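Just so you know, these numbers come straight off a predicted model, no measurement behind them. So that the names make sense, note that chain A is the first sequence line, chain B the second, and so on, each numbered from 1.
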Protein chains: 2
Amino acid sequence: MILEKKKAFNSFAAEKGLRSTRQRDIILDIFLSTHQHISVEELYLKIKSSNPGIGHATVYRTLKLFAESGLAREIHLHDGQTRYEHAMEGEHHDHLVCTGCDTIIEFEDETIEKLQREIASRHGFKINNHKMEIYGLCSDCRK
Amino acid sequence: MILEKKKAFNSFAAEKGLRSTRQRDIILDIFLSTHQHISVEELYLKIKSSNPGIGHATVYRTLKLFAESGLAREIHLHDGQTRYEHAMEGEHHDHLVCTGCDTIIEFEDETIEKLQREIASRHGFKINNHKMEIYGLCSDCRK
DNA sequence: TTTGTATTGAAAATGAATATCAAAAGCATA
DNA sequence: TATGCTTTTGATATTCATTTTCAATACAAA
Ligand SMILES: [Mn+2]
Ligand SMILES: [Mn+2]
Ligand SMILES: [Zn+2]
Ligand SMILES: [Zn+2]
């Protein structure tokens, strides 16, 4: 699974004429070892702990590449930081965000997706992507 | 309609013990005269053209107040700027955003809203608010 | 190797939003 | 109307995430 993703990114890089670098390998490894909606800064710190030489800008640049390759998805919740999550071909989900404890629950709802497509086509739009976030309090935080 | 909104904000201000100031009056007037998803900077420039004295910070502060009073709603699309739109009691809508020309189409879909409530309750969440944006190309931009 | 180009990282720059704080304005009271 | 207290304002500085710059370095093709 992780190996497949690495291969996928390598083909993407090859097609784009990108060079293979130590930094990108390291960042990819560490990104793939994380779970769930990690912020750039969080990932940067994680990377730096084992690879002090790697710079801020490189992490930013590389995560953009991952997103472009389809390996990662950029997320914007409302704390002013860009986050990334793993993305797999054809998979999509939305988020239920607890504003109390920052827990994020992922969900999929094909009925909603279908309604979205209908709304878009009714207005002559060709959907590229969408986002849907439901903010509220989880059961723990309501106690 | 505009008058009602002004009254509503004035009662909100009164209840909160806020003073009534020339600046807030002006900003409210101009905000109410605009349409659709204006960015803070756009509004600031509009305001400055007739009222050069008013400062940046005051516009930011005042828009926050409008949102708090329920008069305005804060919007975050993905250009890194906060936008505000008029909000009316109990009204809610979502957005279809053209990434070609920045046109925004508003829509409401009660079926989707209901499904959202179901999803939330299935996970024990109490919804506070939500956002849903569909990004794509409008018919003009696809030509 | 050599050579041309892509990549990197430190540092500076950007841009939106917020904080600071002295001066000005609002308002209750005398 | 004048006084005094408190809020508000606006210039400016600051913060913070992200991007840009650019010289040094690394990659890969020949
Ligand atoms: Mn997710
Ligand atoms: Mn709207
Ligand atoms: Zn919670
Ligand atoms: Zn368009």
B:Lys131/B:Glu133 under salt bridge (Lys or Arg N to Asp or Glu O under 4.0 Å): CA gap, chis, key distance, verdict: CA-CA 7 Å; B:Lys131 64 182 300 185; B:Glu133 287 140 23; 3.1 Å; yes
Interatomic distance where CG belongs to B:Asn51 and P belongs to D:dT9 [whole Å]: 13 Å
Selected nucleotide, minimal atom distance to A:Thr58 side chain, candidates C:dT8, C:dT18, D:dT20: C:dT8
A:Phe66 and A:Phe31 aromatic ring geometry - parallel, tilted or perpendicular at 30°/60° bounds: tilted
Value in whole Å for how far the P atom of D:dC16 lies from CD of A:Glu41: 11 Å
Whole angstrom value for the distance that separates P of C:dA6 from CG of A:Leu65: 14 Å
Phosphate OP1/OP2 of C:dA25: any B:Arg22 side-chain N/O under 4.0 Å: no
Interatomic distance where CD1 belongs to B:Ile54 and P belongs to D:dA11 [whole Å]: 11 Å
B:Asn128 versus B:His130, side-chain donor and acceptor atoms under 3.5 Å: no
Of B:Leu18 and B:Tyr44, the one whose closest DNA chain D nucleotide lies more 5': B:Leu18
B:His95 ring center within less than 6.0 Å of B:Phe107 ring center: no
Sugar-phosphate, base or nothing in reach of B:Lys64, heavy atoms under 4.0 Å: sugar-phosphate
Separation of D:dA17 C1' from A:His56 NE2 (nearest whole Å): 8 Å
Under 3.5 Å donor-acceptor pair, A:Arg61 side-chain atoms to C:dG9 base atoms: yes
D:dT19 phosphate, OP1 or OP2, under 4.0 Å from A:Tyr60 side-chain N/O: no
Length of the line joining B:Asp79:CG and C:dA17:P, which is rounded to integer Å: 9 Å
Value in whole Å for how far the P atom of D:dT18 lies from CD of A:Glu42: 11 Å
A:Gln23 vs C:dG9: side-chain N/O to OP1/OP2 distance below 4.0 Å: yes
Shortest side-chain distance from A:Arg24, nucleotide among D:dT8, C:dT7, D:dA11: C:dT7
Nearest-nucleotide comparison on DNA chain C, the residue closer to the 5′ end among B:Arg83 and B:Thr21: B:Arg83
A:Gln81, nearest nucleotide to its side chain (from D:dA17, D:dA28, C:dG9): D:dA17
A:His93 and A:His37 aromatic ring geometry - parallel, tilted or perpendicular at 30°/60° bounds: perpendicular
Of the listed nucleotides D:dC27, C:dT18, D:dT8, the one nearest the side chain of B:Arg19: D:dT8
Spacing of B:Ile27 atom CD1 relative to D:dT9 atom P, expressed in whole Å: 7 Å
side-chain N/O A:Thr82 vs D:dT18 OP1/OP2, d < 4.0 Å: yes
Electrostatic pair A:Lys48:A:Glu41 at N-O distance under 4.0 angstrom: no
Sugar-phosphate only, base, or nothing, as touched by A:Gly17 at under 4.0 Å among non-hydrogen atoms: nothing
